Amino acid sequence: MDKQLIARGVTRTSLKNFYLWILPWCLLLAVGLYAVFLCLAKGLNQTNMDNRFSFGLWIYLDLTVIALGAGAFFTGFLLYVLKRKELKAVINSAVVIGFICYSGAVAVLGVDVGQPLRSWFTFWHPNVHSMLTEVTFCITCYLTVLAIEYIPVVLKNRKLKKVPSMLVFEFELHKLMVVFAAVGTFLSFFHQGSLGGLYGVLVGRPFAFRPALGIWPTTFFLFILSAAAVGPSFIMLTTWAASKISRKSLVKPDVYRYLGKISGSLLIFYIILKAVDTMFWINTVSTKGFSPAGFYRMQEFGTWILFTEIVVLGLVPAIMLLSRRVRANQKLLITAGAMACAGIVLNRYVMTIQTLALPTLPFDVFMSYVPSWQEVATFLAVLSYGMLVYSFSFRYLTLFPQEREIQSV
Amino acid sequence: METTQKSPRYGMVIDVDRCTGCGNCMVACAVENNVPPAQAKVTERTGMTWMRVSKLDNGLPFPENRSVYLPVSCQQCDHHTPCQSVCPQNAVEYDIESGIVAQIPVRCFGCRYCMTACPYHARYYNWFDPEWADGIERTLNPDVSARMRGVVEKCNFCHGRLQAARAKAAADGRKTESESDYTTACAECCPTQAIRFGNLADPKSEVSILSKSPSAFRLLEDLGTEPKVYFRSEQEWVHTIVKKTSSSELKEHSNG
Amino acid sequence: MLTPGTLRFLAGFVFSLVIGWFVFPYVLYERIEQPLQFSHKVHTGEAGGMSCTDCHEVKPDGRFTGIPALEKCATCHSSQVGTSPHEKRLVDEYVAKNREIPWLVYAQQPENVYFSHASHIGSVECANCHGDHGSTDSLRVYERNRISGYSRDIWGSSISRLARKATWDGKKMDDCIGCHESRNVTNTCLKCHK
Amino acid sequence: MTAIIIAIAWNLGQVIFLGIFFAIVAIIVVTLAASTIRTMRIVKENKTDAVRWESEFHDLTPVSRTCRHELTGEFKHRVCNNGFDCNTCESHAKLLARTPAESAPSQVQTAAGFAVPLDRLYHRGHTWAKPETDGTFTIGIDDFASRLVGSPEGVELPALGTRIAMNGTAWNFLKGGTSTRFLSPIDGEVIETSNGAEGWFLRVKPVRGEVKTGHLLKGREVGAWIEREFARLQQLLSDPQVGVTLPDGGMAVQDIAGAYPDKNWEAIYSTLLLEP
Amino acid sequence: MNSKITRREVLQFVGGSALGVLLSPLPWKVLDDTAIWTQNWPWTPKPKRGDIAYRTTTCTLCQSSCGMRARTIGAQPVSLAGTQHHPFNQGALCTSGLLAHHLRYHPSRVKQALKFSVQAKSHSTLSADDAFRELSAVLKNSSSVVIVDERAGRTVSALYAELAASARTVSYAPVSARGISSLNRLAGNASLQAGYDVDNAKCILSFGAPLFDGWGTPSLAARFFDKRGTQKLIQIEPVRSRTAEMASKWIVSRPGTDLAAALSFAHVLLEERLVSASALKSITDIDELALFLGAFTPEVVSKQTGIPPATLRETARAIASQTPSVCVTSHAAGDDVQDAVMLLNILTGAVGTQGGITLRAEIPGMRSAAASAKQSVQIDDLPDHSVNVFILDESLSGSSIPDTLLQDKLVSGGQGVIISLSPFVTPRPFALQYIIPSTVMFETLGDTTGPFDAARSGLALSSALLPAPDGTLDALQFVQKCAETLSVSLSSTGSSEEILKKRIGALHASKRGQVFMTSTGETTDVKQLATADDLWNALVEGGCWIDEAVGVNARALSFRVMPSIKHTRQTQTTDSNTLLVYPIVESSAYSGKTVSPLMSKVSQESGLRLSAQDAYLNPVTAAAHQIEHGSTVALRTKNGTMNVRAKLDARTMPDVIFVSCTAQSCGNQSAIASSAQDVRLLCEVSSGGSYTPTPVTIQKVYL
């Protein structure tokens with residue numbers, strides 16, 4: 001049976017090995033689901049969040065995961081809208097990655113809010129001035145889009161496509177994929193932006209607050225750009241990881257280079273703007289009665305963090321990705337991609353955690369917070385959920401069309 | 001005294017020189033607004049204190065160390081109220097008829113975005129189910145509904161009392177409440193009358209006169225959120241410390 | 001040209017429509033009889049000759065008594081005056097034992113809602129929200145929502161809420177807001193939420 | 001709807017915002033609905049085989065999609081994107097105009113040691129259709145395929161009266177536990193089946209009117225094509241250590257599959273018999 | 001259609017019904033109703049509705065007897081506030097007073113009589129009658145029974161005294177407000193009644209008394225602020241406390257050196273002849289005193305206290321020159337300090353003068369205090385291990401008598417018995433204990449005397465707004481029960497109302513003093529009131545009676561100070577760099593009391609107050625020992641070990657760790673937690689009963 005599900009012409013590891021691989025993830029998932037249950041049944045006192053750290057690990061991860069998941073929309077955009085055929089090799093994988101990231105993020109949000117059963121109020125009584133409303137709307141829509149984009153990949157399964165209606169539906173859906181790609185891109189631009197706006201609009205948090213361009217703070221645009229920049233890098237990383245784990249070459253080397261090139265050219269653009277924005281911020285923040293230097297007084301969050309974010313994990317990988325010679329060397333290429341992703345992860349961390357840790361009132365103190373096991377477990381559950389979905393998709397679906405060709409040649 | 005024609009903007013002036021930090025305002029507030037007592041696991045960081053008395057000191061070592069107490073509740077910001085614009089489902093509203101920044105817990109779904117937005121840390125999340133020890137729930141105030149776990153709440157300037165005052169006005173056939181009928185629990189129970197409550201829109205009212213005095217100040221004034229809670233002190237150092245904000249502080253607390 | 005497939009589809013469709021529109025509302029609401037029967041007609045008619053405010057009065061501080069306490073009933077019904085079996089039960093089971101009558105309030109708003117009769121009386125007719133309740137001869141069955149615990153009157157008789165019979169048919173927040181807007185009264189949250 | 005909007009008092013901002021939201025939802029729903037309806041129609045009109053061919057054609061490796069005019073050398077390099085449907089291919093029409101197809105001589109020819117009788121029309125899936133005198137067609141597999149398959153574990157022939165579609169599945173054979181299909185070169189109704197002893201498997205009679213054969217290979221294309229296929233096969237079988245195992249021009253063994261049991265035959269079949 | 005249903009057919013049906021459901025109200029209504037359900041969770045309590053009324057009464061939690069106005073739903077008070085213009089508290093209440101209406105439902109409330117075996121290993125419940133049946137046996141064959149009355153001056157106090165007088169084995173131990181009581185001690189006259197007239201004092205010298213933090217009536221701070229400038233407050237304290245912060249002058253002194261400081265002031269007063277002749281004359285053993293004080297020169301004392309000699313001299317001069325002046329101490333201070341400070345008041349001539357310590361006449365209508373005084377004893381004076389039975393009246397505010405003191409006086413070997421009338425579980429592990437459940441505020445009609453920080457004596461009634469729970473007794477019923485079991489007949493018996501009415505009647509008959517009426521908010525002379533009932537009603541409605549300013553002639557008084565002063569040993573100088581632990585009285589408003597769970601707002605939830613588990617540390621000291629704010633540390637002295645949470649506070653003196661001796665049981669901590677005991681586990685107590693700073697080692701505990 002298992003054999004009948006694996007696409008013709010590709011080889012996959014034995015069922016036994018496969019089970020051995022997914023078993024640990026299943027266990028992790030189970031633990032995480034227990035933690036989730038605790039949080040829903042007993043309330044968020046199970047976490048280490050508090051009135052000052054009202055956002056914690058979860059929100060931080062949502063922002064990160066969604067930034068990395070941006071590869072899905074951006075690859076889709078390049079392939080279907082800008083007709084960059086090279087990317088056909090990774091689009092399926094990108095869609096699955098995107099689906100995992102977004103569904104994971106939404107799931108965690110469901111636990112993070114205190115009254116999940118009232119979440120739909122946001123759709124019925126929306127405050128359109130709130131960035132969070134924008135985020136909620138876009139993410140729910142885009143998750144639907146991703147789910148739809150995922151369908152054809154599933155229907156292409158060797159067994160399923162034997163069913164005529166499924167095959168035809170896949171075919172018809174695939175014809176209209178450009179629509180979804182376009183809609184998805186539109187939505188993604190908005191919610192990547194509004195995630196940035198989320199913190200940029202906080203008048204009361206001069207560390208995060210940014211002046212508005214039009215109706216959105218600068219972080220709105222920086223987030224879009226940064227997400228678009230690392231998205232391809234992340235696709236590159238996951239593809240590379242998949243091929244390392246499965247010990248197969250899944251795409252032609254030039255695909256890696258191409259992804260790296262896109263990533264690099266966007267990243268350099270982003271870093272320049274980010275630097276400008278930071279300069280501007282340093283000069284305006286003092287008018288709010290806060291000293292920019294003061295924000296970096298605490299050793300944990302010293303100026304090193306700013307340097308690391310912009311130079312070490314921003315400028316450096318950008319330049320690396322832009323140089324043809326680095327791209328030619330896969331080790332360096334992957335390293336650069338990883339650094340770029342790390343840079344964004346750090347940026348999201350600074351936006352969420354550092355903003356809350358910093359005091360505002362004259363009698364405030366600097367506060368730190370360590371997530372409880374329930375918080376960590378919940379996150380790990382999402383991770384293992386992702387691993388499982390991807391593993392199954394990789395085994396039974398055609399994530400990398402080039403794989404067969406590469407093997408047959 | 002009847003209110004002036006234009007709708008009132010209620011506010012407070014708190015004389016920190018008169019505040020002994022006894023904590024009456026905190027418990028009176030909790031009693032008035034049915035805020036539950038702490039469960040065993042609750043800490044300073046997960047507690048529910050709509051009104052919280054904090055210590056402000058001049059940072060000098062003993063014995064030069066001077067300190068005052070600042071009772072900080074919701075500052076009822078007047079302009080681009082940080083928490084109001086961010087709430088995704090309109091659970092926070094600027095009440096045009098009283099200037100109160102209204103928090104409606106039954107609309108709230110506990111995303112806590114407003115808490116990250118509030119620079120005064122005046123918003124509190126129900127981390128626990130509310131629990132009153134056997135029978136104490138019989139002493140709850142019927143004018144305020146008890147909140148459930150998983151929502152954000154904060155000082156609404158004892159809006160239950162405002163509603164009562166309005167009802168009384170209606171019964172007397174008056175359009176607006178009379179300010180003599182409406183004061184907050186914290187102001188009422190302050191043993192040194194450090195907290196004064198009234199209508200800032202009425203130039204004749206005590207609070208608006210006090211709020212204009214040179215000894216008056218507000219927290220994080222530079223943010224431009226225009227709080228309606230004023231503080232006043234004759235002590236120079238208090239003004240200096242309040243001016244330079246906490247980013248210069250080096251204290252650190254940790255949890256978890 | 002209805003293929004069997006289409007027929008099966010339609011069957012399912014109709015089936016669930018019936019469930020959703022007719023069975024579900026019936027199951028959702030629990031029908032409870034009032035502890036006693038009571039005739040507003042008799043009390044306000046020439047027999048009783050009472051006025052609404054005799055029992056439902058606004059206090060000087062603007063509070064509203066709502067449903068009167070037992071003592072109010074006892075003033076007349078300390079012993080049986082009529083012949084109705086319900087009055088007999090009133091006297092024997094409540095007045096005699098001095099137990100408050102556990103009336104079920106049709107228009108009961110939830111705990112988080114603040115409603116001041118004082119500020120509505122005069123500008124709004126009682127019937128506007130309570131219908132002809134004041135002139136009924138008997139108390140209808142009280143319908144309680146099994147999930148939310150609310151009285152059916154809050155949602156209104158029409159399960160879709162698209163066909164409101166009258167202003168008193170349904171007292172959800174939207175209805176209050178609608179009425180406020182039609183009379184251009186502000187709709188600030190603190191007006192009605194506590 | 002509007003009634004509700006007024007009832008719950010949405011302000012203009014909300015209406016606009018929700019407008020965009022619902023527009024997007026609408027787009028998604030419409031698109032889904034569109035593809036569903038079209039799917040239902042196609043399934044009803046059982047054009048599935050055509051669609052399957054079209055859909056899978058793009059999953060074929062470019063080499064499998066080499067244009068017949070590259071075989072004849074008229075093109076240096078050309079990959080077909082038209083499902084081998086030469087009837088609707090302009091450049092094909094042009095080229096025919098230039099060099100009309102020669103009438104096929106009937107003596108047996110060989111290519112790379114495989115018999116390629118030119119009295120029949122070849123499908124790229126290594127099946128052929130041979131017009132019989134009574135206006136029916138016999139359908140079978142070419143020498144290359146039969147050696148490639150060797151002795152199958154089983155053959156699933158269609159029932160008499162079944163309508164098989166051009167480029168659709170004609171019949172399946174079982175080998176190495178997995179079933180692989182042979183593609184039908186033409187449309188038609190099965191009137192007789194055989195176990196291939198006489199060299200053919202199906203006899204079909206045309207369904208309506210003229211049978212489409214324009215897409216099938218004939219004449220000199222066939223030999224060139226078989227040689228390419230043989231080269232591909234060698235490549236697929238080639239082993240870095242051993243090097244090329246079938247000497248060029250040498251006769252290939254009768255049962256190649258049997259000769260190389262350890263090869264991934266499923267992959268080879270899927271590549272050469274056009275089943276991705 | 002064939003009989004067996006294929007998957008395909010099912011799917012078709014399901015598909016249809018799915019669409020149908022979406023087009024029916026079902027999913028949407030359920031969505032709405034579940035959301036509504038979360039807004040009305042059955043386990044979230046709903047406040048009871050009912051008629052709202054306001055009742056005025058008097059708080060009995062402490063002697064201040066604050067007038068309070070209760071907002072009631074039906075009969076149940078739901079919030080409390082001070083009575084405006086009330087002569088005792090001017091409309092102010094303290095934190096615990098604001099929450100008094102919770103005590104009725106306190107988790108540690110006693111619902112039935114309890115019997116704790118020795119070591120409180122186990123306890124059993126029993127009916128009140130059985131309890132008293134057992135008690136009669138206990139009382140009959142015990143040779144020495146002591147009734148402790150922590151609120152002398154009430155009607156029931158007189159009955160306790162009477163009971164003591166008529167039963168041979170029983171003696172009566174009134175505990176009057178600490179500080180003032182040393183006046184009785186020095187004058188050798190137990191019947192003297194006095195009060196601090198802080199309002200009229202020009203200069204107040206406070207030895208660490210938390211004047212603005214619950215030392216007296218809650219309005220004291222407001223009264224001081226309103227007189228700002230005209231009144232001088234000098235605070236001597238090792239911590240810049242709330243009071244110190246707001247005082248006109250704060251003098252830093254080493255912990256536990258108040259005695260030395262006081263004596264040095266006395267020294268200066270004599271040395272510089274700042275004492276009036278009459279004051280000198282009133283002290284019978286003045287020469288002996290002068291001799292004794294010779295040792296306490298400012299120079300010597302300044303080494304112990306860390307106060308510069310000049311400052312000591314100035315301060316002494318200040319209290320002598322800026323008359324009327326009054327010197328006060330913390331309630332936690334031992335008798336030695338109390339007496340030494342009272343000596344200062346005598347020397348400055350404050351005793352018996354307005355703005356100093358005013359002597360009060362007896363409140364009419366009671367068995368004379370003088371008569372009561374004859375049988376009365378001071379617990380401290382009792383020989384150790386001489387008492388068989390202690391009868392504790394804890395019905396008002398719990399007991400502030402340290403358990404160790406009771407333990408010392410009770411017969412040894414756990415043979416002692418404690419009978420306590422208490423609303424809360426207050427077990428004492430060292431004796432066989434009976435707890436008779438008592439009423440709490442709002443459940444009983446009782447009388448209470450006015451505050452001790454007022455010139456004139458007063459009287460007020462607390463009325464019963466709520467029915468007392470079955471099986472509970474108020475003090476008046478209790479004393480009668482005790483009389484029964486001892487088969488003694490009391491002069492006045494009957495219901496509490498009858499007994500109190502009798503007293504108020506007599507008060508009215510005396511035509512003395514004035515009465516404040518909550519109905520009018522005005523004060524009228526008792527003379528104006530036609531009948532005793534008018535006075536009664538005025539008081540039941542939360543008014544109060546205030547005596548005229550008739551006082552005992554101070555000239556008549558003579559003091560022997562040496563007996564109580566001389567046994568005080570020189571406080572030894574501790575070299576300043578050893579780490580010391582010392583108790584701090586955060587607020588005497590609720591020290592030693594059971595308080596509402598809601599008190600967590602000011603301690604557990606905000607850290608505004610030290611809770612029993614907290615300790616103050618100077619940041620410098622903390623840094624020296626690598627201790628961060630909020631970390632748990634173990635304090636170890638030779639007496640014992642105690643785990644506390646470190647709170648860094650630059651207002652406290654370096655190298656001293658201040659632990660709270662504010663005993664609270666909020667209900668959410670264990671009801672038996674009494675940090676007053678914990679403190680004693682660490683700190684040594686001088687023979688005079690005051691804490692002495694004790695060397696301690698501090699160590700961080702990793703949990």
Side-chain angles (χ1 to χ4, degrees), chain A residues 43-45 47-55 109 112-119 121-122 124-127 129-133 135-136 198-199 201-207 287-291 293-295 297-298 355-356 358-372, chain B residues 41 43 45-47 54-57 70 72 80 82-83 85-91 107-113 115-121 123-129 148-152 219-225 241-256:
Chain A
L44 293 185
N45 52 54
T47 71
N48 271 347
M49 288 188 279
D50 54 48
N51 294 323
R52 175 79 174 276
F53 263 98
S54 44
F55 283 176
L109 279 175
D112 200 354
V113 299
Q115 292 282 356
L117 289 174
R118 294 190 209 163
S119 314
F121 284 8
T122 311
W124 201 245
H125 310 284
N127 170 12
H129 306 292
S130 168
M131 281 295 163
L132 198 54
T133 314
V135 172
T136 318
L198 215 56
Y199 280 82
V201 295
L202 298 182
V203 191
R205 301 283 187 167
F207 179 75
T287 64
K288 301 270 176 203
F290 284 76
S291 75
F295 291 133
R297 251 342 120 73
M298 295 307 302
T355 304
L356 291 180
L358 291 170
T360 51
L361 287 167
F363 46 82
D364 261 0
V365 291
F366 179 94
M367 279 194 183
S368 60
Y369 131 100
V370 181
S372 71
Chain B
K41 269 179 67 189
T43 68
R45 293 176 63 164
T46 50
S54 307
K55 183 166 70 65
L56 173 74
D57 69 5
L70 292 173
V72 177
H80 28 68
C83 54
S85 56
V86 300
C87 176
Q89 38 200 32
N90 291 316
R107 173 65 68 79
C108 171
F109 78 132
C111 70
R112 303 187 297 288
Y113 189 19
M115 298 174 72
T116 63
C118 176
Y120 303 99
H121 317 310
R123 309 186 131 262
Y124 298 88
Y125 179 77
N126 285 266
W127 300 101
F128 294 82
D129 274 308
M148 66 293 303
R149 176 233 298 165
V151 297
V152 175
L219 296 174
L220 304 176
E221 228 156 331
D222 296 340
L223 292 181
T225 55
I241 294 287
V242 168
K243 284 276 167 297
K244 80 164 146 64
T245 51
S246 58
S247 41
S248 59
E249 288 266 341
L250 271 169
K251 290 188 248 148
E252 179 177 15
H253 292 181
S254 162
N255 86 338

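Only heavy atoms go into these numbers, but all of them, side chains included; no hydrogens, no water, no symmetry mates. Worth saying up front: this structure is predicted, and the values here are computed from it rather than measured.
For Leu198(A), the parts lying near chain B are the backbone and the side chain together; criterion is any non-hydrogen pair under 4.5 Å. Residue Arg123(B) touches chain A through its backbone alone, counting heavy-atom pairs closer than 4.5 Å. In this structure, no portion of Cys83(B) lies under 4.5 Å from any heavy atom of chain A. When heavy atoms are compared at a cutoff of 4.5 Å, Leu44(A) approaches chain B by way of both its backbone and its side chain. In this structure, chain B has heavy atoms under 4.5 Å from both the backbone and the side chain of Ser119(A). Of the atoms belonging to Thr136(A), not a single heavy atom falls under 4.5 Å from chain B. Both the backbone and the side chain of Leu223(B) have a heavy atom closer than 4.5 Å to some heavy atom of chain A. For chain B, the nearby part of Val201(A) is the side chain; its heavy atoms alone come within less than 4.5 Å. For a residue to count as touching a neighbouring chain, one of its non-hydrogen atoms must lie under 4.5 Å from one of that chain's; by this rule Pro206(A) touches chain B with the side chain only. In this structure, chain A has no heavy atom under 4.5 Å from any part of Val152(B). The contact between Leu202(A) and chain B is made entirely by side chain atoms (from C-beta outward), counting heavy-atom distances below 4.5 Å. Contacts of Cys118(B) with chain A are made by backbone atoms alone, with heavy-atom separations under 4.5 Å and no side-chain atom involved.
Residue with the most contacts toward chain A among Tyr120(B), Tyr125(B), Phe128(B), Phe109(B): Phe109(B) (heavy-atom pairs, distance under 4.5 Å). By number of non-hydrogen pairs under 4.5 angstrom with chain A, the leading residue of Val151(B), Asn126(B), Thr225(B), Thr116(B) is Thr116(B). By number of non-hydrogen pairs under 4.5 angstrom with chain A, the leading residue of Cys87(B), Ala91(B), Gly224(B) is Cys87(B). No other option in Asn45(A), Val113(A), Thr133(A), Asn51(A) has as many heavy-atom pairs under 4.5 Å with chain B as Asn51(A). If you tally non-hydrogen atom pairs under 4.5 Å between each of Gly47(B), Ser85(B), Ala117(B) and chain A, the highest count goes to Ser85(B). Taking chain B as the reference chain and counting heavy-atom pairs below 4.5 Å, the highest number among Met131(A), Arg205(A), His129(A) is found for Arg205(A).
In terms of heavy atoms, Ser54(A) sits closest to Met115(B) at OG-CB, 3.5 Å. In this structure, His121(B) and Leu361(A) approach most closely via the heavy-atom pair CD2-CD1, 4.1 Å.
Here the side chain of Asp50(A) pairs no donor or acceptor atom with the backbone of Thr46(B) at under 3.5 angstrom.
At a threshold of 4.5 Å between non-hydrogen side-chain atoms, the residues Lys55(B) and Phe363(A) do not count as touching. Pro359(A) has its side chain within reach of Arg52(A): a pair of non-hydrogen atoms, C-beta onward, lies under 4.5 Å apart. For the pair Gln89(B) and Cys111(B), the minimum side-chain heavy-atom distance is 4.5 Å or more. Taking the side chain as every heavy atom from C-beta outward, Thr47(A) and Trp127(B) approach each other to under 4.5 Å.
Arg149(B) meets the salt bridge (charged side-chain N to carboxylate O under 4.0 Å, His left out) test with Asp129(B); sequence neighbours excluded. Residues that satisfy the salt bridge (charged side-chain N to carboxylate O under 4.0 Å, His left out) test with Arg118(A), not counting sequence neighbours, are absent from this structure.
By the 30° and 60° cut-offs, the orientation of the rings of Phe53(A) relative to Tyr369(A) is parallel. Using cut-offs of 30° and 60° for the angle between ring planes, the Phe207(A) and Phe295(A) rings count as perpendicular.
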